Every structure is written in structure tokens, then in C-alpha cells.
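Index from 1, following the sequence. Keep in mind that this is a model prediction, so the values were computed, not measured.
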Amino acid sequence: VLKAKEMGLRVICFAWAKGAVCAELVDRFYPVSIVEKEEILRICQEESIDGICTIASDVASPTVAYVAEHLGLPGNSYSSALKANDKFKMRSAFLEAGIRCPRFMHTGIVVEKLPESWEYPVIVKPCDRSGSLGVQKVNDDVELCKCVKDALNYSFKHEAIIEEYIEGREVSVEFVSHSGIHYPLTVTDKVTTGAPHFVELEHHQPSNLSS
């Protein structure tokens, strides 16, 4: 917000009222949940905005894309934002495109045991949350029941995904994509708390992997 103001831009902001540190800094603040895409679109139309973005929030990305698409502004497509935001939709898109990914299954109810062809450990996650919220490594049927229940309760849509556990080093590859061209920025080494929740603690850029 401060950088935008420094650039001479008129800035409006949407956020939950509690903890909205930007509220006193922007030209106009709306205490509207960032997932209320229809209401935010309506206000953006009234405000005649020239652009919309988020502070790298997974939860807000579909709303930003929805508004940008409806107003003809630069942005990701709404369908892509939904796939990036929903872990089940993301895995399904990978599978459809022939991209390797862990085995996965979707559920909207508590699961008491894995299918016979599956083996422990597995990872359980809410489909639509970020920041490792509700993510847990599961080692047996007793843990599975509890962890799926937790993930469903964390999920906005009450949906969870169960994934095959993959052992290994965690990195991310950052890109900016524009007009069908993908620009690699860096590879990031991630440091997490490890099992069972894998909360990210540090990002190191660039990675110390070899070329």
C-alpha cells in the first residue's frame, strides 16, 4: 500500500476488519471478506478501478482473477486461479495434463480407512486453505479418521484431499507468466517444521542445488 501511494496511485483495499493494518493508509477501505467475489466486483465497478492484485494470498487469488476477468483487466483466468487455489482441482489438472504427481483422493466426509491398494503414511490437507493449515502426516487408521475430520473443519468448502506421502527435499520454482510466455525467476529452498504439519519457516533464494 505504501509503495502504491508513493507511486501516486489511488488505493482501495478489501480485508476482514480485524487486524486490517492497511485500513488507515488507503484512500478507501472496505471491511469485506476477500472471498466475497460478487460484492467486491460490484464495488470495483462503482470505483472504476484500473487494476487489482493481492498480497500473494492464495485465498484471495480467485477473487482477484474473477474481478479482473469481468472488468477486462490484466490478471490470471478465473479457472486457473481456482485450480491453483484448490488442491484437488490442481492435482486433477496435473493428472489430465500427464504431469507426475502423488496419488490422491478427494473426500467430503470422514474417512476411517484407506483403500486396500494404498499404504501409509499419507498426507491429509483441506482442499482450499494455505499456510499448511490443517496439513498432517498420517501413519495409521486411527490418525486418519481424526486428521480428515480436522481438515474438513478447516476447509471453507468442507472438502479434504488425501495424498500419497512423498519423502524428499522441498523446493519451489517461481515463475511470472505473461501472454503464454513463462519467465523463470528462481528456485527456492524451503525449511519446514517437518512432520506432522510441515509449516514453512524459511525460504532461501536462490537454492543451493547445483545447476
Side-chain angles (χ1 to χ4, degrees), residues 16 18-19 33-35 37 54-63 65 76 78-175 186-205 207-209:
W16 291 292
K18 185 178 180 181
S33 167
I34 55 176
V35 300
K37 64 181 188 296
T54 171
I55 53 167
S57 165
D58 293 355
V59 177
S61 292
T63 297
N76 297 317
Y78 182 55
S79 63
S80 294
L82 288 177
K83 290 171 187 172
N85 188 249
D86 185 301
K87 295 171 180 63
F88 174 65
K89 287 185 172 68
M90 183 190 298
R91 293 293 189 213
S92 298
F94 288 162
L95 203 62
E96 187 177 332
I99 297 170
R100 293 179 63 194
C101 66
R103 179 193 280 189
F104 63 94
M105 59 181 283
H106 173 272
T107 184
I109 60 172
V110 174
V111 177
E112 296 185 348
K113 61 190 306 183
L114 291 176
E116 287 187 7
S117 60
W118 284 58
E119 293 182 358
Y120 286 105
V122 294
I123 296 289
V124 174
K125 306 173 182 177
C127 283
D128 54 355
R129 295 305 296 259
S130 59
S132 300
L133 193 64
V135 174
Q136 297 187 69
K137 181 182 178 183
V138 176
N139 298 294
D140 54 45
D141 288 343
V142 175
E143 289 183 6
L144 180 68
C145 185
K146 178 189 178 301
C147 293
V148 171
K149 185 176 181 179
D150 288 345
L152 292 172
N153 288 334
Y154 277 118
S155 170
F156 289 120
K157 300 186 297 183
H158 204 71
E159 296 179 12
I161 185 171
I162 302 169
E163 297 181 337
E164 173 188 15
Y165 175 69
I166 304 295
E167 185 78 48
R169 180 173 178 174
E170 185 174 354
V171 301
S172 63
V173 185
E174 326 303 337
F175 277 80
T186 190
V187 179
T188 301
D189 286 328
K190 294 190 175 185
V191 178
T192 76
T193 57
H197 301 295
F198 303 96
V199 178
E200 293 178 17
L201 299 174
E202 301 173 19
H203 289 174
H204 296 271
Q205 299 167 322
S207 168
N208 62 15
L209 288 168

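Without hydrogens or angle criteria, Thr186 side chain to Thr188 main chain gives no donor-acceptor distance under 3.5 Å. No donor-acceptor pair under 3.5 Å is formed between the side chain of Ser132 and the backbone N or O of Val135. Looking only at distances, no side-chain donor or acceptor of Asp189 sits under 3.5 Å from a matching main-chain atom of Gln205.
Using a 4.5 Å heavy-atom threshold, the side chains of Val110 and Cys145 count as touching. Val59 places a side-chain heavy atom less than 4.5 Å from the side chain of Val35.
Contact check on Asp58 versus Arg129 returns no salt bridge, with no Lys/Arg side-chain nitrogen under 4.0 Å from an Asp/Glu carboxylate oxygen. Under a 4.0 Å N-O distance rule, the pair Arg91/Glu163 qualifies as a salt bridge.
A donor-acceptor pair shorter than 3.5 Å cannot be found between the side chains of Asn85 and Ser61.
Distance check, rounded to the nearest 0.5 Å: CG of Asn76 to CG of Leu82 gives 11.0 Å. Here the straight-line distance linking atom CG of Leu144 with atom CG of Asn139 works out to 10.5 Å at 0.5 Å rounding.
Contacts classified as ring-ring contact (aromatic ring centres under 6.0 Å, His included) and involving residues 139-160 (residues at least two apart or in different chains) are not found.
For the pair Gly134 and Ala151, the tightest heavy-atom approach, listed with the atom from each and the gap, is O-CB, 4.2 Å. Between Leu114 and Ile162, the shortest heavy-atom contact is CD2-CG2, 4.1 Å. In terms of heavy-atom proximity, Tyr165 sits nearest to Pro121 at CB-O, 3.3 Å.
Residues satisfying the ring-ring contact (aromatic ring centres under 6.0 Å, His included) criterion with His106, sequence neighbours excluded, are Phe88. Taking Thr192 as the reference, Glu170, Phe198, Glu200 meet the side-chain contact (heavy atoms from CB on, under 4.5 Å) condition, with sequence neighbours excluded.
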